[in-house]
Each structure stands twice: as C-alpha cells, then as structure tokens.
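Just so you know, ligand 1 is whichever comes first in the structure, and atom 1 is the first atom listed for that ligand. Because only heavy atoms are used, hydrogens play no part in the values below, and waters and symmetry mates are left out as well, while side chains stay in. What you see is a predicted model, and the numbers here were worked out from it, not measured in a lab.
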Amino acid sequence: MTGEGTKFAGAPPTRHAEAASREPEQLGGSMHVGVIGTGYVGLVVGACLADTGNAVICADIDEEKVARLNRGEIPIYEPGLEPLVKRNLEEARLRFTTDVAMAVRESDIICIAVGTPPDEDGSADLQHVLAVARTIGENMNGEKIVVTKSTVPVGTARKVKATIEALTEHPVHVCSNPEFLKEGAAVDDFMKPDRVVIGVESDYARQALAELYEPFVRTGKPILFMDIASAEITKYAANAMLATRISFMNMIARLCAEVGADVDLVRRGIGTDTRIGPSFLFAGAGYGGSCFPKDVKALIRTLNDYGVDAGILQAVETVNEGQKRLMLEIATQRFGEDLTGRRFGVWGLSFKPETDDMREAPSLVVIEGLLARGATVRVHDPEAMEVARRYHLGDRVTYCDQNYEVLEDADALVIMTEWHMYRRPDLQRIRALLRQPIILDGRNLFDPSRMRDAGFEYYSVGRRAAVPSREPVAVN
Ligand SMILES: NC(=O)c1ccc[n+]([C@@H]2O[C@H](COP(=O)([O-])OP(=O)(O)OC[C@H]3O[C@@H](n4cnc5c(N)ncnc54)[C@H](O)[C@@H]3O)[C@@H](O)[C@H]2O)c1
C-alpha cells in the first residue's frame, strides 16, 4: 500500500497476466498521483490534479527548477498557474521533489510528462520516457497505473510496459493519455478540456482514470476511451492537422500576395463554411513552439517507418520553413541583402502570445537572419526576453523593457508575435520614433489601408503592401 488515499484494488499484488482483468473495488476520494517531469505539461497537470483534492507529487531531475517550485516560484510564464501552484503547495496537496523513486513509491497513478525532443532523424527521442519507465520498474511496491502524457509515437506505451515489467513482479497498467493543453491557456484547457483521450487495456485503469478526470468533464465533455495505439496516434493526428491548416493558409497567402488578393477575406470566405470552421486559419509568419514542429517531424518519421506516404506533412513542413523566413525576405527585398548599418526593432519573441516559450520561435529565424546580414536588432517581449537572452540570443540583441524603445532610430518595426499589447499602438508615436515609417507585420495586426492613411509603408502576410500615396492623416 502506497499512500493513505484510495487504492483501486484491495487484493495483494498479482502477476501481470491477471492485472488486465481486475476491477477496482473501491473508488472515490483523493488519489495518490505522481507526475514525473515538471515542465509546461507536468506542472499544469500536477497543479490541476492537486486542485481537485488529490495528493500529488511532482518529480523532476532539474534541481534548480524543483528548488524554485518549492519556494513557490513558477519557472515558466503561464496565466493562472502561479496562484494554483501556491494554493496547493500551501494546502499540502502538492509537493515537489527531485527524488523520482520516492514519487513512484508513494503514488498509485504515475503520469510520465518528460520531454520527447526530436532525435537527429526527426523521430521522437524516447530516452527520458524510458529512463522514467526504468525508475518506475525499479521502485514498484504495489499495483500501479502508469500514464504516458508525453507525446510519444505509436508503440511507446508497449515499450514502457515491457521496460517496467522486466524489473518487477507487481502488476502495472500502462495507459496513453495524451495532453492537448495549449501553452498560454494551459490551466483552462486542463480544467475544461474539449475531450479527454485515454488509451487503456484494463478495466482497472479505465475506472481509475474515469474517476481522476470526472471533476474536469462535469459539463458533459467526453472522456474517449480507446485502444492504446489509437490514443497515441490521436495526439499526432491532432497536431499535424492543426499545422496543416496553418501551412495551407500560408500557401494561400503566398498566392494572395502574388495576385493582389487579401488572405483575410479568403479566410472569412472559407471559415464560415461549417465543414471547414474558423479556427487555425490565420496566415502568419509560420508556426513554432515545442509541439507542432517536432510532432510533424516525428509523425513523418513514423509514416516512413510503416511505409505510408508522408507527402502531405512534408509539404506542411516545407511551407512552414519558408514562411518563417518571410519577414526576412521582405526586409531584404526592401533594404537589400547587405543590412550593415540598418537597425530593426522587433515586437514579440515568443512563438505565440501568453507564453515565454521560445522553442522553434519564428522570431529567431528572422532575428538571426537580420544579424547575419549586418543589421543591429532591438527587441521587446512582455514575457520571453529572459528566456531569449539565456538560451537563444544572448547579448547579440538589445533588450528593451518598453515596447516603444525598440523603435528609436530603427529603419523598420518587425512584428513577430501578436501579444495583446501590440494590437492598438500609438501610431503617431511609432512614426515619430522610427527613422522611416516602415512596418513588417508577420501577424496581420492592422488594416493595410488604415496604415497607408497613417503614413506607413506597411507589409503584412498575404495582403497587398500599403505604401503612403499622400500626406499622412491624423490617427489615434
Ligand atoms: N508544451 C506543450 O504545450 C505540450 C502540450 C501537449 C503535450 N506536450 C508534450 O508533453 C511532453 C512534455 O512537454 P513540456 O513542454 O512539458 O516539456 P519541458 O521540456 O517543459 O519539461 C520536461 C521536464 O521533464 C524533466 N525531465 C527530463 N527527464 C526526466 C527524468 N528522467 N525524470 C524526471 N524529470 C525529467 C525535465 O527536467 C523538464 O523539466 C512532451 O512530450 C511534449 O511533446 C507538450
């Protein structure tokens, strides 16, 4: 027996073969949950599960991260997460530790939420997931449910199960429960999911997870139980579909730019078709982040492994790689290949608003390209500057605390992330600060004709460039 909370089956440990057919005898009440890996996913999952009354131990091998969390400091920017973590820490439902083995021993349900970065060949690198599986196997002290929440290729749950079972006689129920939260809205997404997908192969695990998720689906959103392989594929299919919509619209945007059409009008024209729907149809400077790029690559790899043509997804990637360079292309078309002596101001670094995540951010491609051509770059982001400085750009750019500061004497403003604070700026102030009133907008924040009337040379994605033809009119 591990903790004081609910145990799903009172019987003593059985052999693996028997485990699949057993049913929980006693459900309801607080559960003992271990979450291994305390990054964007693990921290949100741990805090939300603690908030519904479970006893949660979050374990991570990153000592600095755990020390900060134990002081109530949140190492990432995620709206709503800090009060949730603090409250559950204070009320002792949530603990943080570097002792993964202890977290395993004390938990009945163990969620694996470690990173699965791309390997050299694009496949998901499973070394962290399998390392955790070994630690679980070595520390099994009773029947446990192991849930893969990390995004892992089809067949991984089987490998996790085999790894654990090779090290223990205690029964283990391995499930696949992919996480669909969006950075920037992660707490809300976990608390009010569109659906919960769970791949299971035993009633014991099925009932325990139904119980665990019950507080989050009270409004009637479904828990979709399925076989494990289907659950594993569902996560990749979801991300690949979303990335496909983005690249599709970016391809259409390229055509709009060529013929002088407006991709925003096309977006509305198709998004109102109920078969298509309005989400994920915005053209822009390309997708980034820790999920779409790596998950598209990993799915291509899996498709190749099984001899299935991955042509659609290869095109999705190619379009996106090109799209991340679009603002750089516009800059070099406007100012020439040699940007020595030019100065650019950049608004937005994170791969999307409401996060400090810089992984695969399109801003990095543009900034590196500008620097490589001899330009100087001043940047602003409300949350991501520290991460950018520490892990990506170092002291090669100037970081400005205030967004208008980046504009001083700059040849152009480049907008890379659609943070709310950039949506209604003081246009007269921008015009006064810039060396020349040129804006390259990678997120289509403004109306081109309004920008032209305000005296700007304005370039955006999939829309006609706006060039002032007369004296600027007063705006703002
Ligand atoms: N970030 C997202 O929006 C998101 C959404 C859905 C799914 N996912 C998936 O969830 C997984 C985690 O993503 P993330 O963004 O939270 O990653 P992350 O890099 O932010 O966090 C991973 C954490 O795991 C820890 N870790 C690594 N090896 C460990 C080990 N052996 N034992 C304990 N801790 C270990 C790391 O120190 C790190 O803190 C990935 O598979 C990702 O694809 C991410």
message: Using a 4.0 Å cutoff against the non-hydrogen atoms of His128, which atoms of ligand 1 qualify?
response: 28 (N)
message: Closer than 4.0 angstrom, basic N to acidic O: yes or no for Lys324 and Glu360?
response: yes
query: Are any side-chain N or O atoms of Thr318 and backbone N or O atoms of Gln314, one a donor and one an acceptor, separated by less than 3.5 Å?
result: yes
- prompt: Purely on distance, is any nitrogen or oxygen of Lys65 under 3.5 Å from one on ligand 1?
  reply: yes
message: Check for me whether Arg359 has a heavy atom closer than 4.0 Å to any atom of ligand 1.
response: yes
task: Would you mind telling me if ligand 1 is within reach of the side chain of Ile36, the backbone, both or neither, using heavy atoms under 4.0 Å?
output: side chain
statement: min-distance protein heavy atom vs atom 32 (N) of ligand 1 -> Ile61 CG2, 3.7 Å
- prompt: Side chains of Arg195 and Ile223: does their closest heavy-atom pair fall under 4.5 Å?
  reply: no
message: Do Leu313 and Leu299 have side chains that approach each other closer than 4.5 Å (heavy atoms only, starting at C-beta)?
response: yes
- prompt: Considering Cys291, Gly42, Ala238, which one's heavy-atom position lies nearest to atom 4 (C) of ligand 1?
  reply: Cys291
task: For the pair Asp264 and Arg268, find out whether any cationic side-chain nitrogen is under 4.0 Å from an anionic carboxylate oxygen.
output: no
message: Salt bridge or not between Arg134 and Glu165? Use side-chain N to carboxylate O under 4.0 Å.
response: no
- prompt: Mind checking whether Phe216 and Phe190 have parallel, tilted or perpendicular rings, split at 30° and 60°?
  reply: perpendicular
message: Does this structure show an ion pair linking Glu201 with Arg158, if we count only N-O contacts that are shorter than 4.0 Å?
response: no
message: Any nitrogen or oxygen of Asp62 lying under 3.5 Å from a nitrogen or oxygen in ligand 1? Just yes or no.
response: no
message: Suppose we measure from atom 2 (C) of ligand 1 to each protein heavy atom; which comes out shortest, and what is that distance?
response: Glu183 OE2, 3.4 Å
- prompt: Using 4.0 Å as the upper bound for N to carboxylate O, is an ion pair formed by Glu317 and Lys297?
  reply: yes
- request: State the atoms of ligand 1, each with its element, that fall below the 4.0 Å cut-off from a heavy-atom position in Lys294.
  value: 42 (C), 43 (O)
- prompt: Is a salt bridge present between Glu82 and Lys86, judged by a nitrogen-to-oxygen distance below 4.0 Å?
  reply: yes
- prompt: Heavy atom of Lys182 under 4.0 Å from ligand 1?
  reply: no
query: Looking at side-chain heavy atoms only, is the closest gap between Ile110 and Ile145 below 4.5 Å?
result: no
message: Students should be able to answer this: which protein heavy-atom is nearest to atom 22 (C) of ligand 1, and at what distance?
response: Gly115 N, 3.6 Å
message: So, regarding Thr116 and ligand 1 (criterion: nitrogen or oxygen to nitrogen or oxygen, under 3.5 Å), is there a contact or not?
response: yes
- prompt: Hey, does Glu179 come in under 3.5 Å of ligand 1, counting only N/O atoms on both sides?
  reply: no
field: Structural part of Ser150 in contact with ligand 1, heavy atom criterion under 4.0 angstrom
entry: both
task: Using a 4.0 Å heavy-atom cut-off, say whether Pro178 meets ligand 1 through its side chain, its backbone, both or neither.
output: neither
- prompt: Considering only protein heavy atoms, which is closest to atom 35 (C) of ligand 1, and at what distance to one decimal place?
  reply: Val114 CG1, 3.4 Å
- request: Please confirm whether Lys149 comes within less than 3.5 Å of ligand 1 when only nitrogen or oxygen atoms on both sides are compared.
  value: no
Identity and distance of the protein heavy atom lying nearest atom 37 (O) of ligand 1: Asp60 OD1, 2.6 Å
- request: Check whether any side-chain heavy atom of Asn54 lies under 4.5 Å from a side-chain heavy atom of Arg93, and answer yes or no.
  value: no
- request: Show which atoms of ligand 1 fall inside a sub-4.0 Å distance from at least one heavy-atom site of Ala113.
  value: 12 (C)
Salt-bridge criterion met for Glu368 and Arg396 (N-O under 4.0 Å): yes
field: Atoms of ligand 1, numbered as shown, that sit under 4.0 Å from any heavy atom of Gly39
entry: 16 (O), 18 (P), 20 (O), 21 (O), 23 (C), 39 (O)
message: I'd like to check which ligand 1 atoms, numbered from 1 as shown, lie under 4.0 Å from a non-hydrogen atom of Val132.
response: 30 (C), 31 (N), 32 (N)
message: Suppose I only count heavy atoms of Ser290 and a 4.0 Å limit; which atoms of ligand 1 are within that range?
response: 1 (N)
query: So which heavy atom in the protein is nearest atom 13 (O) of ligand 1, and how far is it from that ligand atom?
result: Val41 CG2, 4.0 Å
message: Ring centres under 6.0 Å, that's the criterion: do His380 and Tyr422 meet it?
response: yes
field: ligand 1 to Tyr40 polar contact by distance, N or O atoms, under 3.5 Å
entry: yes
field: Short N-O contact, Asp108 and Lys144, less than 4.0 angstrom
entry: no
- request: Looking only at protein heavy atoms, identify the closest one to atom 9 (C) of ligand 1 and say how far it is in Å.
  value: Thr151 OG1, 3.4 Å
